[in-house]
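None of these values were measured; they are calculated from a predicted model.
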Amino acid sequence: MADFTLERIALPTGVELDVAIAGDPASPPILLLHGFPESHRTWRHQIPALARDHYVIAPDQRGFARSSKPEGVGNYTPDKPVADLLALADHLGIGRFTLAGHDWGGAIAWMATLQNPQRIAQLIIVNAPHPLIFQRTLLDDPAQRAASQYIRAFRNPDLEKHIAAIGVEGFFDTSFVKHADPALLAPERAAYLDEWGQPGAMTAMLNWYRASAIQVPAMDENPERPAWIDAPFPPVSQPVLVIWGMKDQALLPCQLDGLDALVPRLTIVRIADAGHFVPWEKPEAVTAAMREWLGND
């Protein structure tokens, strides 16, 4: 039995999103953004716990699951899901809200918070790098650069041909399973394959990587250094909770180094025995950290 309703909501940004909604609309609102290659189900353990005292909204972002999948890489530049987020809040009559994001959802959450401080009261980030630190480490930290080479593969326009050749199930087994506990993935396999198998889903999900301006150099490359990464960067003024699975093989713990200089009101919770998909790898620890920081426990 689901602990939420899944509503189809048409937005003025031109997309329709499936949105998981739970809790009392009169309670403080919290919006939860998933990343690649998931859906609102990233937060399946947190939604009912947070809904005890929050109005919880967790959309399937554009390109994922059964939400709209507009064609073209340009429809997945980060400003598009940021606009979706704000339009969704407007549709639901929400002014200021707490925003939480994991993976690509965290990237959108960082950007939305930096650009719209009047809307976002506080921020929760789960294994999603700050844009400045991420770009710096992709240039300066060989380990992070090596860990991020998969992004170059995802940007390859021929990747869909490879996926078609091995099948979505083969891609699931050769990519996703390597970054999560197979025992935890096994009971969820059918749901993932259903979402990934929606028409246009694989291209739409991969287009998030292709539309990003983040530079991921090859290991033997020495690219010109963008001026902005050594220039002053605006701080995030809101309170921020960062939850990090320390065994993340794609986004290394170096993403936490120097974060306090960019986020003055920062709380970090490190979960030692979790990888990248910590919201469902260690759901009790993530939920407890969120609720304690939000002041509910």
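Contact record, Ala112 with Leu85: CB-CD2, 3.7 Å, taken as the closest heavy-atom pair.
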Check your understanding: Can you check salt bridge (charged side-chain N to carboxylate O under 4.0 Å, His left out) on Arg119 and Asp90, steps first, answer last?
Key -> CA-CA 10 Å; Arg119 296 297 299 271; Asp90 291 343; 2.9 Å; yes
Practice item. Step by step, work out the salt bridge (charged side-chain N to carboxylate O under 4.0 Å, His left out) result for Asp273 and Lys247. Key: CA-CA 7 Å; Asp273 54 348; Lys247 292 185 177 180; over 6 Å; no
Point to revise | Worked verdict on Thr113 versus Gln238 for side-chain hydrogen bond (donor to acceptor under 3.5 Å, both in side chains) | key: CA-CA 8 Å; Thr113 303; Gln238 295 92 329; 5.3 Å; no
Exercise for review: Kindly indicate, with the supporting measurements, whether the criterion side-chain contact (heavy atoms from CB on, under 4.5 Å) is fulfilled by Lys69 and Asn75.
Suggested key: CA-CA 9 Å; Lys69 300 169 185 64; Asn75 280 307; over 6 Å; no
Practice item. Decide side-chain contact (heavy atoms from CB on, under 4.5 Å) for Phe154 and Met205; before the verdict, give the C-alpha distance in whole Å, the side-chain angles of both, and the deciding distance to 0.1 Å. Key: CA-CA 10 Å; Phe154 284 177; Met205 290 193 292; over 6 Å; no
Exercise for review: Using the side-chain contact (heavy atoms from CB on, under 4.5 Å) rule, take Trp228 and Phe233 through it: C-alpha gap first, then chi angles, then the decisive distance, then the call.
Suggested key: CA-CA 8 Å; Trp228 68 271; Phe233 199 90; 3.9 Å; yes
Check your understanding: Between Trp110 and Val236, is a side-chain contact (heavy atoms from CB on, under 4.5 Å) present by the stated rule, with each step listed?
Key -> CA-CA 9 Å; Trp110 281 119; Val236 174; 3.9 Å; yes
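A donor-acceptor pair shorter than 3.5 Å cannot be found between the side chains of Glu16 and Ser68. Between the side chains of Asp53 and Ser27, no donor-acceptor pair is found at a separation under 3.5 Å. Side-chain contact of Gln46 with Trp280: a donor-acceptor pair under 3.5 Å is absent, judged by distance alone. Using a 3.5 Å distance cut-off with no hydrogens or angles, the side chains of Gln61 and Ser67 do not pair a donor with an acceptor.
Phe277 and Leu32 fall into different hydrophobic clusters, where Ile, Leu, Val, Met, Phe, Trp and Tyr are joined by side-chain heavy atoms under 4.5 Å apart, directly or via other members. Leu123 and Val263 end up in the same hydrophobic cluster when Ile, Leu, Val, Met, Phe, Trp and Tyr side chains are linked at under 4.5 Å.
Screening Asp18, Asp194, Asp60 for a salt bridge (charged side-chain N to carboxylate O under 4.0 Å, His left out) with Arg66, the sole residue that qualifies is Asp194. The ring-ring contact (aromatic ring centres under 6.0 Å, His included) test with Phe36 is passed by exactly one of Trp208, Tyr209, Trp196: Tyr209. With Arg136 as the fixed residue, the side-chain contact (heavy atoms from CB on, under 4.5 Å) test singles out one of Leu132, Leu139, Ile133: Leu132.
Ring to ring, Phe64 and His34 are close: their centroids are under 6.0 angstrom apart.
Ring pair Phe172/Tyr192 is tilted by interplanar angle, where 30° to 60° counts as tilted. Taking the six-membered ring for Trp and thresholds of 30 and 60 degrees, Trp43 and His102 have ring planes more than 60 degrees apart, a perpendicular arrangement.
Asp158 CG: more than 12 foreign heavy atoms inside a 6.0 Å radius.
When atom types are taken as modelled, the side chain of Thr5 and the backbone of Glu7 share no donor-acceptor pair closer than 3.5 angstrom.
The residues Glu160 and Arg210 are annotated as salt-bridged, a charged nitrogen and a carboxylate oxygen being separated by less than 4.0 angstrom. With respect to Arg52 and Asp3, no salt bridge is recorded, no charged nitrogen being found less than 4.0 Å from a carboxylate O.
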